[in-house]
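Just so it is clear, the model here is predicted, and its values are computed rather than measured. Chain letters run A, B, ... following the sequence lines, proteins first and then strands; every chain starts at 1.
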Amino acid sequence: MKSILLQNAMLIDPEAGTEEIGSLLIKDTKICEIGAKISLASNEVEIIDCTGKYLAPGIIDIGVKVCEPGERHKESFKSAGLAAASGGITTIVTRPDTLPAIDTPETLEFTRRRANETAPINVLSMAALTKGRQGREMTEIGFLLDAGAVGFTDCDSVISDTKVLSRALSYARSLGALVMGHPQEPTLSKGAAATSGKLASLRGLPSVSSIAERMGLDRDIALVEMTGVRYHFDQITTSRALPSLRRAKNKGLDITAGTSIHHLTLNEFDLADYRTFFKVKPPLRSEDDRLSVVAALKEGLIDIISSMHTPQDEESKRLPFEEAASGAVGLETLLPAALRLYHSGHLNLPTLFRALSFNPASRIGLPCGRLIAGAPADLVIFDPHVPFLLDRSKLKSKSKNTPFDGARMQGKVIWTFVGGRAVFGP
Amino acid sequence: MGFYDKNLLGIEPLSPAAISEILDLADSYVELNRRSNKHSNVLAGLTQINMFFENSTRTQASFEIAGKRLGADVMNMEMQASSIKKGETLIDTALTLNAMHPDLLVVRHPQSGAVDLLAQKVNCSVLNAGDGRHEHPTQALLDALTIRRAKRRLHRLSIAICGDIAHSRVARSNIILLGKMENRIRLIGPPTLMPSGIAELGCEVYENMCEGLHDVDVVMMLRLQRERMDGGFIPSEREYYHRYGLDAEKLSFAKDNAIVMHPGPMNRGVEIDGEIADDINRSVIQEQVEMGVAVRMAAMDLLARNRRQTYQEVIA
């Protein structure tokens, strides 16, 4: 395989927290050398001039829903893979909330096979923590780990039986498995389509107090303390949850936290016109909450940004707000939306890529997500300044339910490399 | 400034001038409705369809009479019984109706925002006859007209809205309308029936009814919406009546000439004492029904005028 030299790029190193101009040499599937000037030993090198462009470790997106098995018309591994590649995402970690749920080694093997056959990027899978995501009996965590599951989660269906959850967590701990939970008090948030407050009251939407997130978080933290399991909260979205999270981390529990790109860049006022593309779970929060979550991300209290990619077809969204399905697609808009936080001056690029690439890779235990010699050449080259209007009909995802339809965005992916091979480029 | 919109979906987008314009025209229709020949032909040739996705006798009858008195061809569609049961979506229903070229669509729907959704998909004028817990603009307008005729003004009044505010679209539309007209609004009810963040709209919130009613000019009672409750909001109807039902004793805290209103249908002995509801010196509940027809005639008349205006502009 030919070597590729990416020359004169602005190299963003999330691990060191630096951004400086330099070059990067890819040999085979790995990063071979990084430096201000790289002297070439042979002529067998393809040179790509990246002057004025930015180079960062490819994004690792935890919590992507690909609708195989069950609803391939909404999203397949192929369409999700193409969408991810064009969004600068080099690894997706899929959710098990499919039809049927991925809760046996057999269904997991099916998705692993489908993914390897069709997706141009790395696909890793999570499995359900309980059978059928019903919250009653734990899945075969050991077998599922052997079959390649990198994490266990029931997604947004919260296990309300604490005894079931505590047993599943103890068992997962004994195998060193990572468990991902959705912090939410399920009875309080039942039927909610918005966050309690003036806007939800004016629009007459059923709503849930932001305290429900803290209640779910507090319970799960107590169980982590009891069982010692490795635990990741998929989405922390309110300021009220942050003190509990801080205490738990200070105590030294093996906890990490994520948030979704939508909660970082949108707020409850986007629901004012009853646009169902803005209906996500948990519902969009107040502007105060959004700013607190951005600050927590900057500080490192929140570790990971995910797209929480949830494809929905037109039929499930063209309904009155309460009846419409939750979720938004996000693979292709993750980077440009995240760059809003850079352009607004909230975060610098190394901090952003720490949450997009380095931290998720470390949490899953992957060698990617960093710019060092020997790491896999999973890279994204982008220009953060190119402006564009998002047209949802141009998305590569099979489902077009993006809340950013018609939005002004800034930042475009130019190249995406996975294992040293260009999977997206001009 | 006035009412130039294509649709009447809520009070929120209306200016005070637009509200006054509708009320002024409604005043003239009150006179027409009291004559023996009640017929006008301002809507002659226009088709009005009433689509009620939720049970209603009173509002539907009011809209039907209003349309007929103005000479429109009125049709009622019982939506619960029809295609919705066959799995047709709201948008498909809207598109089907749109192809029949109606001019006015009067819609009630159990879900907030559903009427807005429907209005985006059709060409005709849409009038919201109540959507979920969101808005019920003609109810707020008829309440305003009733107050204006009883009190001779619609500003600087102290108005108490009492009871099940959380489930009430009537309360929301009234809070917005009366706030726009610069009145002092008090909301009275148990905290379980009070929507969150409502004080941010400039209302005073009371949990004690006697305190809340102190010196008010208008007492607006709301129906306890038992059908919208999935349990556990109040301990029992008798305790609710004891603490929040309007009786003579609680009413004595209001001004001596305070009027009592209720959007109907009433639960006598739950939120209001039967004798007060029937007291012709205090209760304006029958007037509210009368004003309802007049306000709906005015709203439909203005919507039709706005349509003709737009149509002529297109021709020109």
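Heavy-atom distances place both the backbone and the side chain of A/L202 under 4.5 Å from chain B. Only the side chain of B/I176 comes within contact range of chain A, with at least one heavy atom under 4.5 Å from a heavy atom of that chain. B/E135 does not touch chain A: none of its heavy atoms, backbone or side chain, sits under 4.5 Å away.
Side chains of A/S292 and A/D289: a donor-acceptor N/O pair is absent below 3.5 angstrom, by distance only. Side-chain contact check for A/E213 and A/T237: at least one donor-acceptor pair (N or O, by modelled atom type) lies under 3.5 Å.
Contact count against chain A (heavy-atom pairs under 4.5 Å) is highest for B/S196 among B/S196, B/G197, B/A114, B/A166. When the candidates A/A193, A/S207, A/P320 are compared by the number of heavy-atom contacts under 4.5 Å with chain B, A/P320 comes out ahead.
Heavy-atom neighbours of chain B within the stretch residues 307-319 of chain A, taken at a separation under 4.5 angstrom, comprise A/R318, A/L319.
A/K398 and A/E68 are not joined by a salt bridge, as no carboxylate oxygen comes within less than 4.0 angstrom of a charged side-chain nitrogen. Looking at B/E204 and B/R184, a side-chain N of the basic residue comes within less than 4.0 Å of a carboxylate O on the acidic one, giving a salt bridge.
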Inset, instruction - Please test B/Q120 against B/D116 for side chain to side chain donor-acceptor pair (under 3.5 Å), starting from the C-alpha separation and ending with a verdict. - result: CA-CA 6 Å; B/Q120 290 163 17; B/D116 294 60; over 6 Å; no
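Annotation for A/K298: atom NZ does not count as buried by contact number, only 12 or fewer foreign heavy atoms lying within 6.0 Å.
The only member of A/T238, A/N267, A/T195 that meets side chain to side chain donor-acceptor pair (under 3.5 Å) when paired with A/R285 is A/T195.
Checking side-chain atoms of A/K65 against main-chain N and O of A/T98 turns up no donor-acceptor pair under 3.5 Å.
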